[in-house]
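Note: hydrogens, waters and symmetry copies are ignored here, and every other heavy atom, side chains too, is used.
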Amino acid sequence: MKHILPIILMLTMNLTGSEMPNAADQQAFRLRQKKLMEHYAATDSDRANFFQIAARLKMGQEIELCRIDFMARLEEPSGDMFYNLPM
């Protein structure tokens with residue numbers, strides 16, 4: 001029984017694919033990452049949610065508006081655990 005754990009570990013190490021992704025995989029990942037960021041950065045309402053704010057900040061878009069939206073979001077707590085932290 002004590003030899004089962006090392007065998008399981010060896011099998012999972014081989015199954016995880018320790019190889020580095022090739023250039024095509026990395027390029028596909030970066031393209032998907034960019035599309036997702038663009039999707040979340042798009043504002044379809046007058047007030048952005050936290051995902052939209054974070055995406056716009058990451059992409060460097062509308063920094064001042066992000067600050068205003070973020071502070072407006074913090075004015076109305078919604079039960080999120082981070083509202084317990086003093087600002």
Side-chain angles (χ1 to χ4, degrees):
M1 190 71 173
K2 65 180 181 177
H3 299 291
I4 291 177
L5 183 60
I7 292 172
I8 291 172
L9 288 174
M10 288 181 356
L11 288 174
T12 56
M13 289 174 68
N14 289 335
L15 294 176
T16 58
S18 60
E19 300 172 6
M20 294 296 292
N22 60 25
D25 290 340
Q26 289 179 351
Q27 184 178 8
F29 175 79
R30 297 287 179 224
L31 180 62
R32 176 155 171 72
Q33 182 182 35
K34 183 179 179 215
K35 285 182 180 180
L36 284 172
M37 285 299 225
E38 289 170 352
H39 171 76
Y40 282 111
T43 55
D44 54 356
S45 64
D46 56 343
R47 189 168 153 199
N49 62 35
F50 286 123
F51 292 114
Q52 291 169 327
I53 293 168
R56 285 189 286 162
L57 286 172
K58 172 71 175 163
M59 295 180 73
Q61 298 176 354
E62 303 171 341
I63 303 297
E64 186 60 27
L65 183 59
C66 289
R67 187 188 68 76
I68 293 168
D69 286 342
F70 183 74
M71 295 309 288
R73 281 290 194 184
L74 293 179
E75 289 177 2
E76 301 171 18
S78 64
D80 190 356
M81 68 179 180
F82 296 109
Y83 283 108
N84 294 325
L85 299 174
M87 294 303 227

Could you walk me through whether Leu74 and Met71 pass the side chain to side chain contact (heavy atoms under 4.5 Å, CB included) test, one step at a time?
-> CA-CA 5 Å; Leu74 293 179; Met71 295 309 288; 4.3 Å; yes
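Using a cut-off of 4.0 Å between Lys/Arg side-chain N and Asp/Glu carboxylate O, Lys35 and Glu38 are scored as not salt-bridged.
Distance check: Leu57 CG to Gln52 CD gives 12.0 Å after rounding to the nearest 0.5 Å.
A pairwise comparison of heavy atoms in Ala41 and Ala55 identifies N-CB, 3.7 Å as the closest pair. Of all heavy-atom pairs spanning Ile53 and Arg73, the tightest one is CD1-CG, 4.4 Å.
In this structure, the side chains of Asp69 and Glu62 stay at 4.5 Å or more apart for every pair of heavy atoms.
Looking only at atom types and distance, the side chain of Arg30 has no donor-acceptor partner in the side chain of Gln27 under 3.5 Å away.
Under the 30°/60° scheme for interplanar angles, the aromatic rings of Phe50 and Phe70 are found to stand perpendicular.
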